[in-house]
Amino acid sequence: MTGRINIMVNTYAESPYLELDYKSRDKPINYKVLLVTVPSNIGKGKVWYFLCPATNKLCRILYSVGGRFLHREAFTGCMYESQTYSKKNRRLFKMYEKAFGSDKLYEQLYEKHFKKTYAGKPTKIYMKLMNKIVEEGKSIAYSEKELWFLA
């Protein structure tokens, strides 16, 4: 399914806002979400938040359920996909993540413009990735693998 959304942001107005204009199930929807700034905790600059039109709560992420973008607490009965899995499946996914999670690290390692060295020395990011790959390889004990499949 594809869609189109027009987003307009106005941070210069007296009350800064984000305007959303789109269609949901062939019904045109247009509304504004107010933007609020809070001073940064390190004392430099400010952090922008959405002010949810339904709950009036500050948030950094708006979720789309039922055609509107709102704070997650505006929806009832919603769950993350992983919450719908059985206990056994969650354990299996956790084990597979350990076994195949290093694939994501290798993808980062072999990205097009990834720098492994700078001035002849390995970069900090390269060293962190290599250490994570090594640690993930050590984290799976053979007996643990057997237990997961026998359970």
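In what follows, residues are counted from 1 in the order of the sequence shown. Quick caveat, the model's predicted, so the values are computed rather than measured.
Between atom CZ of residue Phe69 and atom SG of residue Cys59 there is a gap of 12.5 Å, rounded to the nearest 0.5 Å. Note that the CG atom of Leu109 and the NZ atom of Lys132 stand 12.0 Å from one another [nearest 0.5 Å]. In this structure, Lys115 NZ and Thr123 OG1 are separated by 10.0 Å, a value rounded to the nearest 0.5 Å.
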Run the numbers on Arg91 and Lys88 for side-chain contact (heavy atoms from CB on, under 4.5 Å), then give the verdict. CA-CA 5 Å; Arg91 287 191 308 198; Lys88 188 173 183 178; 4.1 Å; yes
Test side-chain contact (heavy atoms from CB on, under 4.5 Å) on Leu129 and Tyr106; report intermediate values, then the result. CA-CA 8 Å; Leu129 282 174; Tyr106 279 110; over 6 Å; no
Any chance you could lay out the side-chain contact (heavy atoms from CB on, under 4.5 Å) test for Leu58 and Val36, step after step, and finish with the verdict? CA-CA 8 Å; Leu58 296 181; Val36 178; 3.9 Å; yes
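Legend: salt bridge (charged side-chain N to carboxylate O under 4.0 Å, His left out) pairs involving residues 28-42, not counting sequence neighbours: none detected. Among pairs with a residue in residues 10-22, none fulfils salt bridge (charged side-chain N to carboxylate O under 4.0 Å, His left out), at least two apart in sequence or across chains. The list of side chain to side chain donor-acceptor pair (under 3.5 Å) pairs with a residue in residues 42-52, not counting sequence neighbours, is empty.
Hydrophobic clustering (side-chain heavy atoms under 4.5 Å, transitive across Ile, Leu, Val, Met, Phe, Trp, Tyr) keeps Tyr80 apart from Phe93. In the hydrophobic clustering of ILVMFWY residues, with side-chain heavy atoms under 4.5 Å counting as a link, Ile29 and Leu62 come out together. Criterion: ILVMFWY side-chain heavy atoms under 4.5 Å apart, direct or through other members. Under it, Val47 and Phe50 are not part of a common hydrophobic cluster. Leu35 and Met8 are not part of a single hydrophobic cluster, where members link through side-chain heavy atoms under 4.5 Å apart. Cluster membership check: Leu70 does not share its hydrophobic cluster with Val33, using side-chain heavy-atom separations under 4.5 Å among Ile, Leu, Val, Met, Phe, Trp and Tyr.
The minimum heavy-atom distance linking Lys23 with Pro28 is given by the pair CG-CA, 4.1 Å. Taking every heavy atom of both residues into account, Asn56 and Pro53 meet most closely at OD1-O, 4.5 Å. Smallest separation of non-hydrogen atoms from Gly67 and Ser24: CA-OG, 3.4 Å.
Partners of Tyr12 according to the side chain to side chain contact (heavy atoms under 4.5 Å, CB included) rule, which considers only residues two or more places apart in sequence or in another chain, are Asn10. The side chain to side chain contact (heavy atoms under 4.5 Å, CB included) check on Ile61 picks up Tyr63, with sequence neighbours excluded. Take Leu34 and apply the side chain to side chain contact (heavy atoms under 4.5 Å, CB included) test, not counting sequence neighbours, and it matches Ser15, Tyr17, Leu51. Remark: Glu81 pairs with Tyr85 by the side-chain hydrogen bond (donor to acceptor under 3.5 Å, both in side chains) rule, at least two apart or across chains. Remark: Thr76 pairs with no residue by the side chain to side chain contact (heavy atoms under 4.5 Å, CB included) rule, at least two apart or across chains. Here Tyr126 pairs with nothing under the side-chain hydrogen bond (donor to acceptor under 3.5 Å, both in side chains) rule; sequence neighbours left out. Take Tyr118 and apply the side-chain hydrogen bond (donor to acceptor under 3.5 Å, both in side chains) test, not counting sequence neighbours, and it matches no residue. Glu73 meets the salt bridge (charged side-chain N to carboxylate O under 4.0 Å, His left out) test with Lys57; sequence neighbours excluded. Scored by the salt bridge (charged side-chain N to carboxylate O under 4.0 Å, His left out) test, Lys128 finds no partners at all (sequence neighbours excluded).
Contact annotation: the side chain of Tyr110 approaches that of Lys116 to within less than 4.5 Å [non-hydrogen atoms, C-beta and beyond].
No side-chain donor-acceptor contact under 3.5 Å links Thr117 to the backbone of Gly120.
Applying the 6.0 Å contact sphere to CD1 of Ile5 captures more than 12 heavy atoms from other residues, nucleotides or ligands.
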